[in-house]
Protein chains: 2
Amino acid sequence: MGTLAAKPLVRTVSAQLTERVRARIVSGAYAPGAALPQDVLAAEFGVSKIPVREALLQLRAEGLVEIFAHRGFQVRAVSEAEAHEIFRLRLALEPQAIARGAQLAGQLERHSAEAAARELHEALEHGRLEEAGDLNGAFHLALVVPARQKLTAEVVQRLLTLAQRYVRLHLQPSGRISRARREHEALLAAWMAGDAAQAGELARVHVQATYEDLLRVFGTDAEA
Amino acid sequence: MGTLAAKPLVRTVSAQLTERVRARIVSGAYAPGAALPQDVLAAEFGVSKIPVREALLQLRAEGLVEIFAHRGFQVRAVSEAEAHEIFRLRLALEPQAIARGAQLAGQLERHSAEAAARELHEALEHGRLEEAGDLNGAFHLALVVPARQKLTAEVVQRLLTLAQRYVRLHLQPSGRISRARREHEALLAAWMAGDAAQAGELARVHVQATYEDLLRVFGTDAEA
DNA sequence: CAGGGTTATATCGTATACGATATAAAGACC
DNA sequence: GGTCTTTATATCGTATACGATATAACCCTG
């Protein structure tokens with residue numbers, strides 16, 4: 001029976017808007033709590049309200065936007081509580097997901113992961129910090145092997161996107177870049193070798209390190 | 001200035017459609033893989049295509065619907081692989097989330113959890129199996145204390161909804177109802193007592209039990 | 001008769017238009 | 001003078017209308 005095969009292909013306006021608005025929220029161009037009037041965004045992007053609404057609804061599902069019926073959309077506020085949630089969830093999911101990815105990855109996925117790591121580190125070395133967040137997310141996601149853990153990848157990706165805002169807002173790159181690079185390389189090595197347990201553990205340590213940077217900023221102490 | 005305070009209140013058409021279509025998908029009225037033509041649904045519910053699209057996009061974000069640009073929506077297919085993912089994710093998240101909920105819950109949340117348990121068991125005793133899935137989800141969710149773990153609750157709720165379809169499709173209630181009741185009561189007791197570790201462990205055991213019922217079915221039935 | 005290309009059609013995606021809701025402003029009553 | 005009611009306005013949410021895309025039917029060519 002007709003299960004539609006696959007190949008999307010057209011880049012609908014809604015989808016493009018979703019990406020562009022998401023980028024602005026993550027980068028802080030649309031600040032936390034800011035109102036997002038449909039007419040204004042529509043004019044800003046030169047489209048009608050319909051695809052704007054669809055994009056905002058998508059972003060709401062991702063947790064970046066909040067909606068109040070008949071009162072409009074606004075950028076979801078940031079809070080220390082949410083940051084804790086994001087990183088607790090990441091710690092609960094990513095190590096397992098990446099460990100499993102290490103087992104599931106074939107040649108293709110291994111090349112993708114290496115490529116993602118390369119792109120990320122090149123961007124960092126050239127000081128293109130704007131792209132760093134997305135590329136970092138892409139690397140982490142590649143380790144999950146989205147093709148073979150579709151749902152898990154969706155959840156992880158969402159958390160990575162949410163985490164970006166906190167990292168950008170609160171953390172300076174100071175020594176983080178070189179440390180991240182070391183952690184990434186160790187993690188990638190274990191992952192490429194198919195050492196699931198080690199990859200999972202290194203993923204946990206890596207996420208935990210960023211979390212602790214954040215905790216330092218918040219002035220809280222780490223906890224179990 | 002105006003950070004919008006809070007109280008939604010109107011039940012927009014899109015929101016109602018989201019619930020109704022979700023219910024039909026979860027119940028199997030819209031079968032896995034079935035096409036969801038916008039015009040047909042619009043006529044079926046007596047509305048225009050716009051809220052239909054918005055509902056379907058929301059359900060896509062929840063993982064119940066798939067979209068193929070310019071080719072339409074369809075009910076997301078079920079697969080053994082996805083079932084494994086759902087339950088692995090639940091096992092990774094729910095025990096922690098419920099353990100934490102046991103610490104966070106105040107008087108109000110405790111009453112809510114008890115009420116949710118009561119409603120669920122009453123429905124089961126009266127043989128109202130249709131409602132059981134939702135009520136079971138509501139109970140699990142109450143233990144997470146959504147008010148104080150907003151993001152976590154969103155993720156968990158999504159997984160609970162996804163899990164429902166597999167439970168309905170593959171599992172007969174045979175002895176599961178009474179067993180679930182016992183597990184629920186033990187879990188609730190530990191949770192009410194604020195015993196986070198015990199609540200988490202019982203949550204893990206409880207989810208694992210359902211997972212193993214599913215695994216048994218998959219072991220017997222041949223399925224893609 | 002087979003295969004590639006072209007046209008036709010159904011459905012999707014977006015623009016425009018309109019009605020509905022909530023907030024803010026103005027007025028009436030105590 | 002203050003509070004509640006009433007009215008006005010801006011923005012949201014949905015219906016209608018139209019243009020765009022993909023699939024399928026058709027035709028032409030070899």
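Chain A is the first sequence line, chain B the second, and so forth, proteins listed ahead of strands; every chain is numbered from 1.
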Which of the following nucleotides, D:dC12, C:dA15, D:dT14, is nearest to the side chain of A:Pro37?
-> D:dC12
Figure out the CD1/C1' separation between A:Ile50 and C:dG13, and round it to whole Å.
-> 10 Å
Length of the CG-P vector between A:Asp39 and D:dC12, whole Å = 6 Å
Is a salt bridge present between B:Lys150 and A:Glu85, judged by a nitrogen-to-oxygen distance below 4.0 Å?
-> no
Does B:Ser14 put a side-chain nitrogen or oxygen below 4.0 Å from OP1 or OP2 of D:dG13?
-> no
Nearest whole angstrom, please: distance from the C1' of C:dT11 to the CZ of B:Arg71.
-> 12 Å
Does OP1 or OP2 of C:dG13 have a side-chain N or O of B:Gln38 closer than 4.0 Å?
-> yes
What is the distance, rounded to the nearest whole Å, between atom CZ of B:Phe73 and atom C1' of C:dC12?
-> 9 Å
Round to the nearest Å and state the distance from A:Leu17 atom CG to C:dG13 atom P.
-> 14 Å
Separation of atom CD in A:Glu54 from atom C1' in C:dG13, rounded to whole Å | 8 Å
Would one find more than 12 heavy atoms of other residues, nucleotides or ligands at under 6.0 Å from atom CD of B:Glu125?
-> yes
Between P of C:dG13 and CG of A:Leu57, the distance in whole Å = 15 Å
Minimum heavy-atom distance between A:Gln103 and A:Ala196, given as atom pair plus value | NE2-CB, 3.4 Å
Closest nucleotide among D:dC12, D:dT14, D:dA17 to the B:Lys49 side chain = D:dA17
Bend across the helix from C:dC1-D:dG30 to C:dC30-D:dG1, to 10°, with axes taken over 5 pairs at each end?
-> 0°
State, with a plain yes or no, whether a side-chain heavy atom of A:Val167 is found less than 4.5 Å away from one of A:Arg176.
-> yes
A:Tyr166: partners by ring pair (Phe, Tyr, Trp, His ring centres under 6.0 Å), with sequence neighbours left out = none
For B:Thr161, what residues pass the side chain to side chain donor-acceptor pair (under 3.5 Å) criterion, not counting sequence neighbours?
-> none
Can A:Gln58 and A:Glu54 be counted as having a side-chain donor-acceptor contact under 3.5 angstrom?
-> no
To the nearest Å, how far apart are A:His70 NE2 and C:dT23 C1'?
-> 13 Å
